[in-house]
Structures are given as structure tokens and as C-alpha cells.
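So the structure is just underneath, and the comments pick up after that.
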Amino acid sequence: MKIAIIGAGYVGLTTAVVLAYLNHDVAVVEKDKNKLNLLHEGKSPIHEPGIQGLLEEVQHTIRFTPNVAEVVPEAELILIAVGTPPKKNGEADTQHVEQAAREVAEVCLPDRHYTLVVKSTVPIGTNQRVAKVVASVFSARGIQGNVSVASNPEFLQEGLALQGALYPDRIVVGANSDAAVDTLRRLYKPILEQTFDPPSEFPRPSAYHLPPMMTTDPNSAEMIKYAANTFLALKISFINEIAGLCEKVSADVTEVARGIGLDTRIGNLFLRAGLGWGGSCYPKDTSALLGVAAQSGYEMPITEAARTVNFRQRAHIIEKLRSVLKTLKGKTVGILGLAFKPNTDDVREAPSLDIIRELLAAGATVRAHDPIAIENAQRALSGKDPFANTNLYFTEDIDALAYDADALVLVTEWELYHRLQLRKLAKQMKTPILIDGRNVYSPAEARAAGFHYIGVGRI
Ligand code: UDX
């Protein structure tokens, strides 16, 4: 199938590479010159495990262009995967989605049928608006046009994006037209039936079952995306709230999570207590959902509380540091991990950024380490002024991070932080304090290595 994808961000590029791998003919429209140059050189502008290899493998069925008019007229299916950044009031800004729809409608041929799919996470009702945008462009062009608009929310998890796209739990399609549903069913046939040969880096999981393609109306499909993300966000916030109480009553939240997770009605996933969620989705989507609710005059106290609990986790880490160091002024703190989660260089809404800002404001010196996200964090923390934070240093050397430091804070559970040489690090530090914001270590192990250990919700 000939496909045009608008936007080569995390969602657009992952989808493009996977659809090209499934032998579709894929053209990606990307306007950012830097990204486009990289893509033309065959390099991925995003860090995602396996994407570079797969991109190289599909070179013959994928192409990149800044020009909608070059690829849309010939396409059967057009997929919008542009960003929906938060507006100042928290609502998601859909102007890029609508602009993309406008540009597509400008170049659609009058005598062809197109399926226009919105993959970006958008407020409920956006698909209807997109259909109206398309209709108004057609009327201005004086043509009838034949475009079916459909919602096909994306559930990708950064760091696991390709795995998730090849072996999804489900595919959700929201459409009012049978033609759109049929086109999407043909698009995803190799995934729905698992007829493709798995890429060597992504073998099919042995317990994997064929995924259902759920069809529904567009508004419900849009709501499914927000509801799914909000539910996962509140599951994490719930266990973090329990973790806080565990600290007061000397219980261990990892044991509690294990105990409740064994109940199949609860399930054991997304019950890891710690510094809570960051990233491009949960903070933005919970806030956008509250924006949708506010517009409808509806209160969502559970979603509000999930956000409150999440962001106070960051403040709790600072309080823990204060309680052991007495003052933060003049102290040196090493930060292990800048990315909002492992296996990504994404620092959007990362807990690390708030913690570092708070420490600097309190007069501490901060050294920060991350295997791949240093550059992005540097940019996020310095704003326009590269010399803004004179007490902030970045290092790729964990020994240098620990040397003579007053405390270490483990912020992101990168695999390499699971294998730290604790004994050696403790010896190098001025005071061997480890605040484990992700409960990577068992308190007994860290204490045996010489650390004063403080986790989240643990004894
Ligand atoms: C999420 C959804 O999982 C995905 O389906 C959706 O499309 C986009 O949003 P993502 O933000 O990439 O994906 O990451 P996810 O793995 O869900 O983790 C989000 C945050 O929650 C991370 O900061 C992670 O550290 C945190 N988390 C996750 C916890 O604190 N505890 C957990 O048990 C799980």
C-alpha cells in the first residue's frame, strides 16, 4: 500500500519504519531541515533501540521529503503523526494536526479516495474537526473530494517502540466509514495475522497472541488513548502514594506491590514506586484530559490527584536529601540518570530536570551522568544561556560523579546503574549516601556495600 506519513517524530518514524518493514511503500514528510538531512543520510534523528538497524534494512521501501505535494496525491493512506504540544493552559494544541490536514487536502486528487488517519494524540472531537478542515479546503478548491478520516491512536512506549509496533496488545480504529476501516485492516494485516518474518533484533515473543483490531467511533477512539494513559499514570501514582505511607509505618512498598500485583484483577505491571512519571505523554495527556473535562464543566479529582502525587515525588527526594545532609548549600550531589526513563535520550518532563533545578536553587553543586541524554538535558537546563548553571557539571564517568560527592541520587533506572560497583563508589565519596529514586537496589545490598541507603517506600 502507498502510504504518506506526516511527521518523523517518535510516533511517525517508528510507524514508518515498521510499515516499510512490512513491505508497504512509505513516504515520510518532515519539514525540520536537520532531521531531514539526517534521514537522507540514512540516520535516525531519534534514539530508540533497534531503529537505526531497521531504517537501514528498509532503505528501499522508504523515502523522506519536505514536500506534501510530492507524495500525498499518489498515496492511498495518509497518516498524521505531528506533535500536539501543551498550550499554556495545559490543553493539547492541535494546530499542527489541522495544518497537516489542510496541506493534505490542498493536494488530494479529486477523483481518488484517500484514508486520512490521525495518529497523534488529540483531544476528543479533533477527528471531526479534521474532517471539517478537509471539507472546507475541498469546497474552496471547488472539488467534491473523497477523504475518509479515521482515528488510530498510537500506544508506543519509548525505548520499546519497535517491539510495541510489531507486537501490539491491540490496534484501535475509530471511524465512521467502512472504507477507512477496510483500508486500515489491510494496512495492519501482517501485524494482525503475524505473517511477517520478525526482524532479527525483535523476535516474536513466545507467549504473544494475535492482536485484536478494535473498531469504534472516532470520539471513543480518541478517548481510549487518553483514558489508557491516565489509567497507567494513576496506577503509578497510586503505588507512589502507598509508598509514602509505607515509609511512615515501616512497610516495604516493593513487597506490597508484589502482593497486590499477584491479584490478576490488579496485575503486577506499572506498580514500580519511585520518582514517578515524566516523558512526553503522561504529564501532557493527563493535563490535556483535564482541559477537555474543564471545557465540559466536569471535574476529574482522580486525574488531578494522580498529577499531584506524581510531582510531589520529586520534592520528596529533595526532602530526603535535606534530612540526611542537613543543608544542601555547598554540598555536591551526583545525579545518576537524566532521561525520563531508560533506553531513550528524551528528557521531556524528566524528574531529573526538576531535581537538578531545585538542588542548584538551594546552593548545591550538581554533577550529572547519563549514557545518552546529556546533550538534551544540557539544552533543557541551560535555556538560551549556555553558561546559565555554573554549579552544574555533566560527566560520562561514574567514578568522577562519585568522587568526593556528598550524595548520589539514582533518578533513571538505566541497566548500567543496576550493576554499579557500590563498594568502590561508597569509598570514593565524602559521605556515602545513596538516594535510590527507582528502588533499583535492595536496602541490604547497598548498606552492606557501605552506603547510607534511602529508597522510596522501603525500610
Ligand atoms: C506511555 C505509554 O506507556 C504508552 O502506551 C503511550 O503511547 C505513551 O505514554 P512512555 O511515556 O514512553 O509511554 O513510557 P512508560 O514506559 O509508560 O513510562 C512512563 C513513565 O512512568 C516513566 O517515567 C517511567 O519511569 C514511569 N514508570 C513506569 C514508573 O514510575 N513506574 C512504573 O511502574 C512504570
Side-chain angles (χ1 to χ4, degrees), residues 9-12 14-15 46-49 81 83-84 92 119-122 152-165 167-172 211 221-222 224-244 253-254 256-258 260-261 266-289 306-307 309-314 316-317 336-355 370 373 410-415 417 436-440 455-457:
Y10 283 92
V11 171
T14 304
T15 309
I46 60 165
H47 179 95
E48 184 60 41
T84 49
K119 227 182 195 337
S120 311
T121 300
V122 288
N152 173 215
E154 174 56 56
F155 300 101
L156 81 75
Q157 262 178 289
E158 285 181 33
L160 298 168
L162 293 168
Q163 182 80 15
Y167 310 112
D169 286 345
R170 80 302 207 186
I171 290 172
V172 173
E222 289 167 341
I224 285 169
K225 174 63 200 256
Y226 278 120
N229 271 359
T230 302
F231 186 81
L232 292 169
L234 67 91
K235 204 173 171 191
I236 300 166
S237 283
F238 172 78
I239 201 66
N240 279 332
E241 184 170 287
I242 293 291
V253 75
T254 60
V256 177
R258 192 157 68 93
I260 64 172
I266 297 174
N268 61 3
L269 299 175
F270 280 67
L271 282 180
R272 277 181 287 115
L275 265 163
W277 31 269
S280 68
C281 291
Y282 299 154
K284 179 163 87 76
D285 294 351
T286 48
S287 151
L289 190 64
R307 289 177 58 81
V309 169
N310 186 64
F311 295 115
R312 83 178 181 190
Q313 292 304 99
R314 302 171 185 197
H316 281 171
I317 288 290
L336 287 159
L338 294 163
F340 84 95
K341 65 184 262 189
N343 298 322
T344 177
D345 61 351
D346 196 343
V347 300
R348 285 176 289 178
E349 302 276 350
S352 64
L353 304 183
D354 279 346
I355 290 171
D370 191 282
L410 199 159
V411 178
T412 315
E413 65 278 33
W414 280 102
E415 181 54 35
Y417 299 155
D436 185 354
R438 297 291 178 182
N439 288 343
V440 165
V456 177

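Only a predicted model underlies this, so the values are computations on that prediction, with no experimental measurement involved. Numbering of ligands and ligand atoms starts at 1, following listing order. Heads up: numbering here begins at 1 and tracks the sequence.
- Shown here are the side-chain hydrogen bond (donor to acceptor under 3.5 Å, both in side chains) partners of Lys119, two or more places apart in sequence or in another chain: Asn152, Glu154, Tyr188.
- To the nearest 0.5 angstrom, Gln157 atom CD is 12.5 Å from Thr14 atom OG1.
- Atom 3 (O) of ligand 1 has its nearest heavy-atom neighbour, among Tyr282, Tyr10, Trp277, in Tyr282.
- In terms of heavy-atom proximity, Ala243 sits nearest to Ala273 at CB-CB, 3.9 Å.
- Ligand 1 is approached by Gly276 to a heavy-atom distance shorter than 4.0 Å.
- The distance from atom CG of Leu338 to atom CG of Leu353, rounded to the nearest 0.5 Å, is 7.5 Å.
- Panel note: side chain Asn310, backbone Ser237; no donor-acceptor pair is recorded below 3.5 Å.
- For atom 31 (N) of ligand 1, the closest heavy atom belonging to the protein is Arg272 O, 3.0 Å.
- Of the protein's non-hydrogen atoms, Glu158 N, 2.7 Å is the one closest to atom 12 (O) of ligand 1.
- Atom CD1 of Ile266 sits about 7.5 Å away from atom CZ of Phe238, to the nearest 0.5 Å.
- Within the 4.0 Å heavy-atom criterion, neither part of Thr344 lies near ligand 1.
- By the 3.5 Å distance cut-off applied to N or O atoms, Ile236 is not counted among the residues near ligand 1.
- Only backbone heavy atoms of Glu154 (N, CA, C or O) come within less than 4.0 Å of ligand 1; its side chain stays farther off.
- Contact analysis puts Lys225 in contact with ligand 1, with a non-hydrogen atom separation below 4.0 angstrom.
- At least one N or O atom of Gly278, backbone or side chain, sits closer than 3.5 Å to an N or O atom of ligand 1.
- Note that CZ of Phe340 is 10.0 Å distant from CG of Asp345, once rounded to the nearest 0.5 Å.
- Looking only at protein heavy atoms, the nearest one to atom 5 (O) of ligand 1 is Phe155 O, 2.7 Å.
- For the side-chain hydrogen bond (donor to acceptor under 3.5 Å, both in side chains) test, no residue two or more places apart in sequence or in another chain qualifies with Lys235.
- Contacts of Gln157 with ligand 1, taken as heavy-atom pairs under 4.0 Å, involve both backbone and side chain.
- Contact of the Asp285 side chain with the Lys225 side chain is registered, since non-hydrogen atoms from C-beta on lie closer than 4.5 Å.
- Here the closest non-hydrogen pair linking Arg314 and Leu275 is CA-CD2, 3.9 Å.
- Atom 8 (C) of ligand 1 has as its closest protein heavy atom Cys281 SG, 3.0 Å.
- In this structure, the protein non-hydrogen atom closest to atom 25 (O) of ligand 1 is Arg438 NH1, 3.4 Å.
- Protein heavy atom in closest approach to atom 14 (O) of ligand 1: Lys341 NZ, 3.1 Å.
- Side-chain atoms of Thr84 come within 3.5 Å of backbone N or O of Thr121 as a donor-acceptor pair.
- At least one N/O-N/O distance between Phe340 and ligand 1 falls below 3.5 Å.
- For ligand 1, the atoms lying closer than 4.0 Å to a non-hydrogen atom of Leu271 are 33 (O).
- Looking at Gly279 next to ligand 1, no N or O pair under 3.5 Å apart turns up.
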